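Accompanying notes for the structure given below.
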Protein chains: 2
Amino acid sequence: MTLVLIAIGCGLLAVLYGIVTSGQVLRAPAGDQKMVDIASAIQEGAQAYLGRQYSAIGIVGVVVAVIIFFTLGGLSTAAFLIGAILSGAAGYVGMNISVRANVRTAEAARTSLQGGLTMAFRSGAITGMLVAGLGLLSIAGLYWYLTGPGGLNLTVEDDRHTITQALTALAFGASLISIFARLGGGIFTKAADVGADLVGKVEAGIPEDDPRNPAVIADNVGDNVGDCAGMAADLFETYVVTIGLTMVSIALLLPNSALLPQLMVLPLLVGGVCIITSIIGTYMVRLGASGSIMGALYKGFWTTAILSAPAIYFATNYALGDMSTAFGGGVTGTDAAASVADAITGMDLFWCMLIGLVLTGLLVWITEYYTGTNYRPVKSIAKASETGHGTNVIQGLAISLESTALPTLVIVVAVVATFQIAGIIGVAFAATSLLALAGMVVALDAYGPVTDNAGGIAEMAGLPDDVRARTDALDAVGNTTKAVTKGYAIGSAALAALVLFGAYTTDLSRYFPNLTVDFTLSNPFVIVGLLLGALLPYLFGAFGMTAVGRAAGSVVEDVREQFRSNPGIMAGTSRPNYARTVDIVTRAAIKEMIVPSLLPVLSPVAVYFIVAAVAGQAQGFAALGAMLLGVIVSGLFVAISMTSGGGAWDNAKKYIEDGNHGGKGSEAHKAAVTGDTVGDPYKDTAGPAVNPMIKITNIVALLLLAALAAG
Amino acid sequence: MTLVLIAIGCGLLAVLYGIVTSGQVLRAPAGDQKMVDIASAIQEGAQAYLGRQYSAIGIVGVVVAVIIFFTLGGLSTAAFLIGAILSGAAGYVGMNISVRANVRTAEAARTSLQGGLTMAFRSGAITGMLVAGLGLLSIAGLYWYLTGPGGLNLTVEDDRHTITQALTALAFGASLISIFARLGGGIFTKAADVGADLVGKVEAGIPEDDPRNPAVIADNVGDNVGDCAGMAADLFETYVVTIGLTMVSIALLLPNSALLPQLMVLPLLVGGVCIITSIIGTYMVRLGASGSIMGALYKGFWTTAILSAPAIYFATNYALGDMSTAFGGGVTGTDAAASVADAITGMDLFWCMLIGLVLTGLLVWITEYYTGTNYRPVKSIAKASETGHGTNVIQGLAISLESTALPTLVIVVAVVATFQIAGIIGVAFAATSLLALAGMVVALDAYGPVTDNAGGIAEMAGLPDDVRARTDALDAVGNTTKAVTKGYAIGSAALAALVLFGAYTTDLSRYFPNLTVDFTLSNPFVIVGLLLGALLPYLFGAFGMTAVGRAAGSVVEDVREQFRSNPGIMAGTSRPNYARTVDIVTRAAIKEMIVPSLLPVLSPVAVYFIVAAVAGQAQGFAALGAMLLGVIVSGLFVAISMTSGGGAWDNAKKYIEDGNHGGKGSEAHKAAVTGDTVGDPYKDTAGPAVNPMIKITNIVALLLLAALAAG
């Protein structure tokens, strides 16, 4: 029980860090009146959007909660609501800090680059620590309550099952919020961005972030509701699902180990110590002699990653007493996973977690390679822009396809290595250490929208060129850090896939002990499930891309109408109606997010019932199980290709704007703007939403099993 | 034995049709001297390219043949060579007709649209009939030889095995040629097309097919070597693999049936009667009152499809004696496939083949929907072009993602239905009837490059505007028919996947009877195999797209150099050096095709040896088996999205050129040209090459098993 309390303490520490740092941020000067006015407009828009979004999600959430209550009972409903509310809270608070830090970053950038960097990164760190802290608190708190005041006993099979089901419901709550938030926010941000660009840059010929563009505030609101709030909800969900799943897999595979209580809490403790290393890391973000902003951010990340290795070692040793005692007490069975579990030691788990840390580093490095302006991929897209729009897009698509290869290979190597060391549990612990760094990774990501906004405010408020140059420099690395987080999230989904499938088969044999389900690849219903699962990311991607197009179209029409009815706007003599545009994007985004979000919720249910009706219940479960793997096998590639490809397109444009291939205004630049526009919904709407989509498909399948067994 | 001879007779009939129709085509007038000169240049270029391509492939082929000889023996080597040579021959002869029919189509279009249509379609029909005829002759001939003069006996297990191994080697020969031909031809055609457009339309501002553009002949050569010869080799391979696999699955699953000899020959007979219905269909291609060219082509297709149903019924009844006797003699085993096989009747097989025909019709209709100018998808891309290059590409990508859904659903339904009726054998027979229509489908496809060339020749030779309008109209439908064939080919690959995997597991238990391989989805090495298999189409697509970009770049440089060193070209006073550009594309395409083509050949070998070294032979085979399904699960989506998306982009441009959204020269048109350029390597290089890539991965795995067992 002490171990859980330590984990809870670390979670509280993260929240405390958030509160203290918020104070520091909010005490900083917010600039002149013009800047404050602009920032207020962004704040109001963001709050109005999130309010409407959460109301819409709330309706869906209440319906789902009622269904859960009548099928799975009160405990699951409570866990579901905790997951949903905390997921929303992480995004909401993060966004609220972000919309206040943006103007303060612009103001700080007046004096120095370091000042702007510190302000933007601290704001990101608040979101990061809240995601990790609230995530850890939700699981650790639930576990503490169930095994303490709740009176559940880990040695009783039914109690273990109740615990794992509550953890699943918690994850479902978080997932349901995150898919809506990711997709709704993603549609908002890109509809505003694409719409503003089309009608501003292309039609009216005014620069980006020009205050005469009525869509410019909506564009800045979008950065906060999509890249900050949506991303935070997504990572919160990934954190909860991954750590929760690791605990579930321990309960399933080592039910009779004498070390079970300690093992169950170990993932929480690992999450806890990595919050401490993440906090230390945030203080290492400083510009060095080279003045490299990316270098400064990396200093923070690498400090955290390197310190986490010994921290995890000590946490494991402390929790288990020593590193060399075999756990014993594995489930009896013929499959490889079970036969391995008995012999695992603390040292084995440590090696697996070390592999998880190395994997994190490699995923970061690979994403940096594919989206950074210093390497071949981005340079090749910039070069291809010289010959026109078409070749820019062709090269961008080629890079997006190619960018899937290295992440897949390192993930595969990590799966094989951790499985060889400690079976499925080893894979789960690698995923846990990967996610334990979430605080730091989210900090890097949430830094992006703040600097993006700061640049916009600097432009709109007419700050001097040297300030604008500093905010631009801060903004440029944001593209890469944003891509890093998305690759990281989807990578964790690939690791979690095996564990989720293990949970599915174990639940299946528990609920339907007399049913023989054939999961071999020679069963045609397995192929059918794989194909249908593989289809989901494609269809989901198509919906997301089309939604952005439609919503952007409504922005274009509104802005055209404003220009037409009020010629003073273009003349600079009257102020555009920013709020109206924000309102239009808000309504469009919320309308567009509903149908695609329901796709992964309803598809598993539909596949099970249709196949079961045609070929019997066993084949229904076989198709459903295969669908869970099909969605990850195809989703991994769709998500990585979209997020890395989009990041590369964006930075190819920035690379040209830095004066290469003719610089700003050249033909190459126009082609690069096209590529950037294409990459926008790729990297910020469709691609990142694939991660929560995969998770939700899996969790719905697990809950469906439980509901079928109960009904 | 009579049944085989009937099938061989039908194959000879197809070849005879080809010879007679070639005579008709070649006797038609070839136009004035200018037209003949242009056509000669295209002929020379195409022949030079194919000569070089086949020489390069020949070197690889000889090396592979030597390896096969020393691992699998003389019979397999002979079958491999037959497959390779006939695959090449189908493409070579088809291309030779195509480069002669182009100029005759332009000449015939001087007098009437029907004249041009007849000429172009007849030329396509020659290629179609040669593909189906030579395909059928190769399998039927090999089977006739082995079971007749070869003295092999179907009742002896070892003899059955020798037959299936020879069929596999035959398929490998065809596949190896087809991947090189598809990819090499695809790179050639799109490098020339994109290069010519970039430097001609974009830089020099001259229209497409302007004779002053030095790349214009290379562009026309490309249509023939890519869309005609490459496509023919691909479909030849698909035909041979599918019909051969159906025979293999019969031998594996019904080894002791009294009807085994008749059943083995039934796929050949079905192929034979469908050649007859295809020939009848070719005579139905005539313009109706509406003057719709697509309608005329469809009349031919639907005649063939509808006549094939009773033809297949009679063939089945004739071969088996009656439709209601259960076959009996299935392999004993616990899996669903085996337990079903015993009870199958002729009527069951007929229903499965009918489903195959319906599936063909649905795949054609869906592709028409996604790529035709009359429907929402193409219109939505055209509409999105109004707001610029970026939105055109976004909408095109959304459509390309979406276009995978309906084909996947109908394929899944067909798999489930045929499996429920007759197990794996039912799925195989559905694939056979699908492929039995290959003669007609290839005819529709091969029509495309002829009309494309005819349009180019009409432009270059300065034929009157009304003639040019007719060749344009003929050309427009070619985009859809070309997309249809690609969807059809990849659809067959999805059906064949189950059968291929069945062959893999059966071979595995035959060669390694004491090895227990775990193919369930809970084995991590199965997940690893699925992920690595899923990666292949992405990596392959990236290679293909990049290769086109690089090769197009060398075209651009050559043309720029010609314009610079000889100003008379642009003035129209001196002739560009067409041959030099053709030569440059030739060298670039052949160089670029080698590495990507080897990817699917070497990957299965690498995956097996690496996994086996790490985790033992059984896991090596598990990962390899899963890889075979991973490559189809992801390849199906990559291929359909690329080919349908590319076709939709192309026709969105044509739709605008027909006067919509501002017509030719408008901003929307410029955006649509960008989309078309992006779609080019998608639909003609990377997408279609995925089909042979999937097949070759599978066949290499089968041969690897045999080689490991022998070595």
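Treat the numbers as computed from the prediction; the structure is a model and nothing was measured.
- Using the six-membered ring where Trp is involved, A:Phe637 and B:Tyr538 have ring planes that are parallel, under 30° apart on the 30 and 60° scheme.
- Residue contact with chain A, scored on non-hydrogen atoms closer than 4.5 Å, is absent for B:Phe540.
- At least one side-chain heavy atom of A:Leu409 sits less than 4.5 Å from a side-chain heavy atom of B:Leu532.
- Interface check for chain B: of the options A:Ala405, A:Ser634, A:Pro537, A:Gly549, the most heavy-atom pairs under 4.5 Å are formed by A:Ala405.
- In this structure, the portions of B:Ala615 lying under 4.5 Å from any heavy atom of chain A include both its backbone and its side chain.
- Rounding to the nearest 0.5 Å places CG of B:Leu531 at 7.5 Å from CD1 of A:Ile632.
- For A:Asp676, the salt bridge (charged side-chain N to carboxylate O under 4.0 Å, His left out) partners two or more places apart in sequence, or in a different chain, are A:Lys653.
- Of the two parts of B:Leu629, only the side chain, counted from C-beta on, holds a non-hydrogen atom closer than 4.5 Å to a non-hydrogen atom of chain A.
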From CA spacing to verdict: side chain to side chain contact (heavy atoms under 4.5 Å, CB included), B:Leu521, A:Leu521: CA-CA 7 Å; B:Leu521 294 175; A:Leu521 295 175; 3.7 Å; yes

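- The CE atom of B:Met545 sits 12.0 Å away from the CD atom of A:Glu402 when rounded to the nearest 0.5 Å.
- Using a 4.5 Å cut-off on side-chain heavy atoms (C-beta onward), A:Phe519 and B:Phe519 make no contact.
- Looking at B:Leu530, the atoms closer than 4.5 Å to chain A (heavy atoms on both sides) sit in the backbone and in the side chain alike.
- Of all the listed residues (B:Leu636, B:Asn392, B:Val415, B:Leu397), the one sharing the greatest number of non-hydrogen pairs under 4.5 Å with chain A is B:Leu397.
- Of the two parts of B:Tyr682, only the side chain, counted from C-beta on, holds a non-hydrogen atom closer than 4.5 Å to a non-hydrogen atom of chain A.
- Using a 4.5 Å cut-off between heavy atoms, A:Phe525 touches chain B through its side chain atoms alone.
- The shortest side-chain heavy-atom distance between B:Val678 and A:Thr391 does not fall under the 4.5 Å cut-off.
- The two residues B:Ala542 and A:Ala398 come nearest to each other via the heavy atoms CB-O, 3.4 Å.
- Between A:Ser522 and B:Phe501 the shortest side-chain heavy-atom distance falls below 4.5 Å.
- Between A:Val416 and the options B:Val528, B:Ile610, B:Val611, a side chain to side chain contact (heavy atoms under 4.5 Å, CB included) holds for only B:Val528.
- In this structure, the portion of B:Gln395 lying under 4.5 Å from any heavy atom of chain A is its side chain and not its backbone.
- In this structure, the portion of B:Val526 lying under 4.5 Å from any heavy atom of chain A is its side chain and not its backbone.
- Heavy atoms of B:Ala626 lying under 4.5 Å from chain A belong to its backbone as well as its side chain.
- For the set A:Leu539, A:Ile411, A:Thr408, A:Leu536, the entry with the most heavy-atom pairs within less than 4.5 Å of chain B is A:Thr408.
- Most heavy-atom pairs under 4.5 Å with chain A, from the set B:Ile399, B:Val393, B:Asp197: that is B:Val393.
- Within the 4.5 Å cutoff, side-chain heavy atoms of B:Leu401 are placed close to those of A:Met642.
- For a residue to count as touching a neighbouring chain, one of its non-hydrogen atoms must lie under 4.5 Å from one of that chain's; by this rule B:Ile527 touches chain A with the side chain only.
- Among the candidates A:Val199, A:Leu628, A:Thr404, the residue making the largest number of heavy-atom pairs closer than 4.5 Å to chain B is A:Thr404.
- No side-chain heavy atom of B:Thr387 sits less than 4.5 Å from a side-chain heavy atom of A:Val194.
- Interface remark: of the candidates A:Thr677, A:Val614, A:Leu535, A:Leu535 forms the most heavy-atom pairs closer than 4.5 Å to chain B.
- Residues B:Ile394 and A:Val548 have side chains not in contact (no heavy-atom distance under 4.5 Å, counting atoms from C-beta outward).
- Atom OG of residue B:Ser380 and atom CZ of residue A:Arg550 lie 10.0 Å apart, to the nearest 0.5 angstrom.
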